[in-house]
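Below is one structure, written out as structure tokens; the observations come after it.
Computed from heavy atoms alone, side chains included, the values below leave out hydrogens, waters and symmetry copies.
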Amino acid sequence: FCTHRRVPVFTNNQYREMFVEELKDWIVGYQIRLSAWVLMPEHVHLVLMPAEDSRLGLLIGELKQRTSQKIHAQLKETRSELSKRLTTVRDGELRFALWQKRCYDHNCRDEESVWEKVRYCHENPVKRGLVSSPVDWKWSSLRWYEGKTDSPIEISL
């Protein structure tokens with residue numbers, strides 16, 4: 001899913017860390033098996049398996065709401081110019097919008113498809129020119145796969 005107007009919110013380590021903390025709490029709280037993730041400046045990719053009987057759209061909505069509230073509070077506190085770029089009119093009212101309304105999911109039908117999506121996540125920062133090697137991007141699950149001790153999120157296979 002993408003930030004509102006694709007504003008590059010996650011170029012700031014503080015906002016990245018806030019997102020990661022909420023993601024960790026979310027996967028534990030909703031018993032989600034996370035196979036891969038990458039946080040890019042203006043979007044997120046997750047490869048996950050929700051708990052049985054879960055509705056993915058509602059779960060993603062919860063994650064987006066939680067991260068939006070935390071980051072909005074921080075933007076207000078610091079009087080960041082980003083707040084203006086993340087403001088929109090919804091239902092006739094001026095509102096803060098960290099995320100676009102939709103997210104785009106893809107159902108993986110087999111293990112090969114899952115690993116294809118995992119690789120896609122990990123290569124994304126290289127394709128965008130953010131790093132020369134995927135392992136250099138701290139904000140993805142590749143560091144966990146590589147056994148790095150500074151990997152911010154545990155992966156569940």
Self-check item: Heavy atoms from other residues, nucleotides or ligands near NZ of K127 exceed 12 (cutoff 6.0 Å)
Solution: yes

Self-check item: Sequence-distant partners of S68, side-chain contact (heavy atoms from CB on, under 4.5 Å), two or more places apart
Solution: F96, L98, W99

Practice problem: Test M40 against L130 for side chain to side chain contact (heavy atoms under 4.5 Å, CB included), laying out the working first. | Solution: CA-CA 9 Å; M40 300 292 288; L130 298 171; 3.6 Å; yes

Quiz item: Do S54 side-chain atoms and A51 backbone N/O form a donor-acceptor pair below 3.5 Å?
Solution: yes

Self-check item: Greater than 12 external heavy atoms within 6.0 Å of E112's CD
Solution: no

Quiz item: Are S141 and E146 close enough that some pair of their side-chain heavy atoms sits under 4.5 Å apart?
Solution: no

Exercise. For side chain to side chain contact (heavy atoms under 4.5 Å, CB included), just list the numbers for R5 and L86, CA-CA rounded to whole Å, side-chain angles, deciding distance to a tenth of an Å, and then say yes or no.
Key: CA-CA 8 Å; R5 297 186 184 123; L86 296 169; over 6 Å; no

Practice problem: Output yes when a side-chain donor or acceptor of D91 lies under 3.5 Å from a complementary backbone atom of E93, and no otherwise. | Solution: no

Quiz item: What are the two closest non-hydrogen atoms of Y15 and V9, and how far apart are they?
Solution: CD1-O, 3.6 Å

Quiz item: Are R66 and E62 side-chain neighbours, meaning at least one heavy-atom pair lies under 4.5 Å?
Solution: yes

Quiz item: So, for K76 and S83, which heavy atoms are closest and what is the spacing to 0.1 Å?
Solution: N-OG, 4.3 Å

Quiz item: Can you check whether L34 reaches V47 side chain to side chain, under 4.5 Å on heavy atoms?
Solution: no

Practice problem: Verify side chain to side chain contact (heavy atoms under 4.5 Å, CB included) between M18 and E22, making sure each step is shown before the conclusion. | Solution: CA-CA 6 Å; M18 291 170 85; E22 287 302 317; 5.9 Å; no

Quiz item: Looking at CD1 of I27 and CD1 of I153, how far apart are the two atoms once the value is rounded to the nearest 0.5 Å?
Solution: 5.5 Å

Quiz item: When rounded to the nearest 0.5 angstrom, what is the spacing between OH in Y145 and OG in S35?
Solution: 5.5 Å

Exercise. Indicate the atoms forming the closest heavy-atom contact of V135 with L142, along with that distance.
Key: N-CD2, 3.4 Å

Quiz item: For N13 and W139, which heavy atoms make the closest approach, and how far apart are they?
Solution: OD1-CZ2, 3.5 Å

Quiz item: Going through the distances and angles, do E21 and K24 end up as a salt bridge (charged side-chain N to carboxylate O under 4.0 Å, His left out)?
Solution: CA-CA 5 Å; E21 287 306 310; K24 288 194 296 193; 3.0 Å; yes

Practice problem: Please answer: with hydrophobic residues joined when any side-chain heavy atoms are less than 4.5 Å apart, are M49 and V44 in the same cluster? | Solution: no

Exercise. With rounding to the nearest 0.5 Å, note down the distance linking CG in L39 to OG in S140.
Key: 10.0 Å

Exercise. Please step through side chain to side chain contact (heavy atoms under 4.5 Å, CB included) for the pair W37 and V118, ending with a clear verdict.
Key: CA-CA 8 Å; W37 66 279; V118 169; over 6 Å; no

Exercise. Measure the spacing between NE2 of H4 and CG of L82 and express it to the nearest 0.5 Å.
Key: 12.0 Å

Quiz item: Can you name the ring-ring contact (aromatic ring centres under 6.0 Å, His included) partners of H45, sequence neighbours left out?
Solution: H43, Y120

Quiz item: What pairs with R6 under salt bridge (Lys or Arg N to Asp or Glu O under 4.0 Å), at least two apart in sequence or on another chain?
Solution: E42

Quiz item: Which heavy atom of V38 sits nearest a heavy atom of P125, and at what distance?
Solution: CG2-CG, 3.9 Å

Quiz item: Would you say the side chain of Y30 lies within less than 4.5 Å of the side chain of D25, judging by non-hydrogen atoms?
Solution: no

Quiz prompt | Least distance between heavy atoms, D110 atom then S113 atom | solution = OD1-N, 2.8 Å

Self-check item: Spatial distance of atom CD (Q100) from atom CZ (F1) [nearest 0.5 Å]
Solution: 11.0 Å

Practice problem: Inspect the contact between E81 and K84 and indicate whether a charged nitrogen and a carboxylate oxygen are less than 4.0 angstrom apart. | Solution: yes

Quiz prompt | Donor-acceptor contact below 3.5 Å, side chain T67 vs main chain K64 | solution = yes

Quiz item: If you measure from CZ on R33 to CG on L48, what distance do you get to the nearest 0.5 Å?
Solution: 10.5 Å

Quiz item: Are any of the side-chain nitrogens in R143 or D150 under 4.0 Å away from the carboxylate oxygens of its partner?
Solution: yes

